[in-house]
Protein chains: 2
Amino acid sequence: MSASAGATPDRPATIRDVAALSGVTASTVSRALSTPGRVNFRTQARIEAATAQLNYVPNAQAKALSSGRTKAVAVLVADITNPFYFDIIRGTQLQLKAAGYTQLLVDTEESEEVELNTIEQMRQTADGLILTASRLDDETLARVSAKMPMVTINRDVQGVPSVLLDTPTATNQALDHLISLGHSHIAYLGGPETSRSNSRRWAALSAAAQERGVEVARLGPFAPRTYSGAAAADALVHSGATAGIAFNDLMAIGMLQRLRERGVGVPSDISIVGCDDIFGADFCSPPLTTITAPIEQAGRVAVTMLLSKINPGLGNFPRNQSVLPTHLTIRASTGSAPMPR
Amino acid sequence: MSASAGATPDRPATIRDVAALSGVTASTVSRALSTPGRVNFRTQARIEAATAQLNYVPNAQAKALSSGRTKAVAVLVADITNPFYFDIIRGTQLQLKAAGYTQLLVDTEESEEVELNTIEQMRQTADGLILTASRLDDETLARVSAKMPMVTINRDVQGVPSVLLDTPTATNQALDHLISLGHSHIAYLGGPETSRSNSRRWAALSAAAQERGVEVARLGPFAPRTYSGAAAADALVHSGATAGIAFNDLMAIGMLQRLRERGVGVPSDISIVGCDDIFGADFCSPPLTTITAPIEQAGRVAVTMLLSKINPGLGNFPRNQSVLPTHLTIRASTGSAPMPR
DNA sequence: CACTTTTTGGCAATCGGTTGTCAATAAGTT
DNA sequence: AACTTATTGACAACCGATTGCCAAAAAGTG
C-alpha cells in the first residue's frame, strides 16, 4: 500500500480514483465516459463498475476548463419580479434541463450597464446567452452575438437570432374587437420608452387605427407594473376614452383594481385589454381580455435555437428568427361601448 | 517580438496576458487582484491598468478549479411552475447577486430521485445548496448537510440549518377568524402527503381545533395546483362544511373558480382561506383571505444563513434556524357563516 | 509466416487560475 | 557598517478533467 490518496469518504472521487480502481489510466476513463465505442467493451464495463462503485461524478469545472464548454446557458431577464419572465424562465429551464444544460439565471435590474457587465462575465462562464427584452443597442448586440452564441427574445436585430412574440398582429385584432363593440375613443397605455416591444406595438396599433379611420390616443409612459396601473387608469379616465389597450397584463390588472376603487365599471363604463396572458389574467376580476402569447414556448424555442448554434451540424438547420403567433383571448373585461350620455 | 500568443481580439485575455503586459508573473497578478495589500501599490497600479486595458475577466472555471470554490449556489425547487417559488427565487437571486454569487436554478420536478442526483451533481458545481420543500427523508438531508453547506426552507431537520415559515400559528388565527364568524363546520383541504409543511399545518390545525372544541375535517390529498382546486371545491361542498382552509393559494384560487362555476357564493355560502399570499391572491375574485408569508424574505434569509456557513468567521454568528412570522390577511373570501336552513 | 492495418490504451501537455515556499530587495536597528 | 526584520514578487506544484500523439497488441491479408 503506497500513501496514495484514494477516495476518502469526504472527498468526492476523481477520475484518477476510477482509473486506479479499474486498472487503467485517467485518459482511458475519460474516453470510456465520453467517447462511445472508443474503448474496448470489457474495459468499458470495468470502468463503469468502478464509476458506480465510487459514486463518481465528473467535476464540471475541470471539464469546462479543459474542454472549453461549460454546459451552462445564461438567461438574462430585466426584472425577475415580472410574471412575464416566470413563464420564459420556466420554458428555458425545462428545455435546458432536457438537453443536460444548467441554467444561470441573472436579473439585470433593467440596467444597461449591469446587462453589459453580466454578458462580459458570462462570456467565460456560459456556452450561450439568452437575452430577454434587452436594453442594449443594436450595434452592441450584433457585436456580442458575433463573439458568442446568443438568442434574443422580443428583440429584432439584424444578424442576431431571435424569437419574437407577434403581439402587433393580435393588437390589431384587439382593435377590431373594440371597434366592433362600438368603441370609437380608444387609448394605448404605453410601457417604458426604452422597450422595443412597446414601440413595435404602438407602431402597429397606430397604423392599424389610421387604416380603420379610428383615433387611438397614446398615454404614458407607465412602468410595466401593477402599481403603475393606478396612474394609467386615471389617465385613461381623464382622456375620455371608453377603451384602453395596456402595454401588458400587470398594468392592466393594476388598472382593474384602480377602476374598481373609483367605481368605474369594467366593462360597462370602460373596456380594458391586456397583453401577454400571464398567470392571473384569467382569474382577476373581471377576467382580462388579453393578447395571449406563448411565452413559455418562446423560452423553449429560444433554447432550441441557441443549442443548435452551440452544437452545429446536428442536422438541424438553425433558423435565425422565429416569430410565434399570438391571439386575442376575449374574457370579461371588454364589452359594448357605453351609450353616449 | 517573440511568437507569444498575446490576446487576440477573439480570445479573452488570461492572467498571463495581464502579467506580461505589466511586467510581473501570473502569481503576482493573482495576488494583486485578490489579496489586498499583498502587492506593492505601484505594481498594483500597473496591474490594474493592464487589467483594464485588456478588459480582463478572470475565468470562473479556472478559479473554481484551483480555489475549490465556485461562487455559485444551487437553489432547488420542486416545481418552477408554482408562483410560491417565484418569490423564493426572487429573494435568493437578489441576495446572492448582492454577495457576488451566481444562482443555479434547478427544478427537481417533485422527484426524490432527481433531487438526490442534482445534489450529488451540485456537490462539485456549487458552494452551497438551498432546498425548498425537500422530498428527501431526514437522514439523507442530515448526511448531505454534513458534507456541504446547505439550508432548507420549510423543512425542519435536526442539525440542518433551516428557514421556516411559521404558517401553523397563523393557521390558528385563521381558525379563530372563522369561528368568530360563526362557522362550526370547517374543513382542511390537504396538500401532497409527502409535503412536510402539509403535515405540520394539519397537526397544528387539528390540535387547535380540539382546544377550541371545534371539529375540522381533513379532505384530500390534493395537488397544490389551481386545477386541483375543482376537485377540492367539490369535496368541500360535499362535506357540508361552510368554510375551507386550503393547503395553498393556488388550490384556493382554483376553488374560487370552481365554486363560481357551480353557483356557490363565496363567502355567502362558503368561506375560503388560502395560504402563502402569492401573486394574484389580492386580485382574484373575491380577493382571498389568506395566510401571508414573507416568502421572498425567506429566500433572502436562507441565502444569508448559507453564506455565513460558506464563509465562516465573518463575525456573524450563524443562526441555525430562523422562523419567520406569518399573519392572517383578511380579504373578501371569508364572511359570516350562512344561516342554517 | 511475415507484413500491413486496425484497435486500444498510455503519456504528457494543456486549460487558467491559486497558493505554499523561498530568494532578493528594502527598511529598520544598534 | 553590519545585522535583523518586513516586503515583495518569482517559481513551481496543483486543481480535475480533455485530447493529440504514439506505441503495443490484436486482427486481417497475401
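Keep in mind that this is a model prediction, so the values were computed, not measured. Convention: sequence-line order gives letters A, B, ...; per-chain numbering from 1.
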Q: When you get a sec, tell me which of C/dT8, D/dG16, C/dG17 is the closest nucleotide to the side chain of A/T14?
A: D/dG16
Q: If you only use heavy atoms from C-beta on, which nucleotide in C/dG16, D/dT18, D/dA17 is closest to the side chain of A/Y56?
A: D/dA17
Q: Reckon B/S34 touches a base, only the sugar-phosphate, or nothing at all at heavy-atom distances under 4.0 Å?
A: nothing
Q: Using heavy-atom distances to pick each residue's nearest nucleotide on DNA chain D, tell me which of B/A62 and B/T43 is more 5'.
A: B/T43
Q: Please report, rounded to the nearest Å, how far the P atom of C/dC15 is from the CG atom of B/N59.
A: 12 Å
Q: Would you mind classifying the nucleic acid contact of B/V29 as base, sugar-phosphate or nothing, using non-hydrogen atoms under 4.0 angstrom?
A: nothing
Q: Among D/dA10, C/dT19, C/dG17, which nucleotide has an atom closest to any side-chain atom of B/V24?
A: D/dA10
Q: Counting side-chain heavy atoms from CB outward, which of D/dG16, C/dT18, C/dG9 is closest to B/S66?
A: C/dT18
Q: Does a side-chain N or O from B/N40 land closer than 4.0 Å to OP1 or OP2 of D/dT8, or not?
A: yes
Q: Rounded to whole angstrom units, what separation is found between the CG atom of B/L33 and the P atom of D/dG9?
A: 14 Å
Q: Looking only at atom types and distance, does a side-chain atom of B/D107 sit under 3.5 Å from a main-chain N or O of B/I80, one as donor and one as acceptor?
A: yes
Q: Counting just side-chain N and O atoms, does A/S27 come under 4.0 Å of either OP1 or OP2 of C/dC11?
A: no
Q: Side chain to side chain donor-acceptor pair (under 3.5 Å) with A/S134: which of A/R196, A/E115, A/E112?
A: A/E115
Q: Between C/dA12 atom C1' and A/R16 atom CZ, what is the distance in whole Å?
A: 11 Å
Q: Please confirm whether the backbone N or O of B/R69 pairs with a side-chain atom of B/S67, one donor and one acceptor, at under 3.5 Å?
A: yes
Q: Between B/R155 (side chain only) and B/L136 (backbone N and O only), is there a donor and an acceptor less than 3.5 Å apart?
A: yes
Q: Reckon A/T28 has a side-chain N or O less than 4.0 Å from the OP1 or OP2 of C/dT8?
A: no
Q: Round to a whole Å and report the spacing from CZ of A/R31 to C1' of C/dG9.
A: 7 Å
Q: Would you kindly give the CZ-to-C1' distance between B/F41 and D/dT7, to the nearest whole Å?
A: 13 Å
Q: From CG of A/L54 over to C1' of D/dG16, roughly how many Å is that when rounded to an integer?
A: 15 Å
Q: How close or far is atom P of C/dG17 from atom NZ of B/K71, stated in whole angstroms?
A: 16 Å
Q: What's the CG-C1' distance between A/L65 and C/dT18, to the nearest Å?
A: 12 Å
Q: Which nucleotide sits closest to the side chain of B/T25: C/dG10, D/dA17, D/dC11?
A: D/dC11
Q: Need to verify one output field. Residue with the more 5' nearest nucleotide on DNA chain D, B/R46 or A/K63?
A: B/R46
Q: Considering the options A/R300, A/E296, A/K97, A/Q103, which one meets the side chain to side chain donor-acceptor pair (under 3.5 Å) requirement together with A/T92?
A: A/Q103
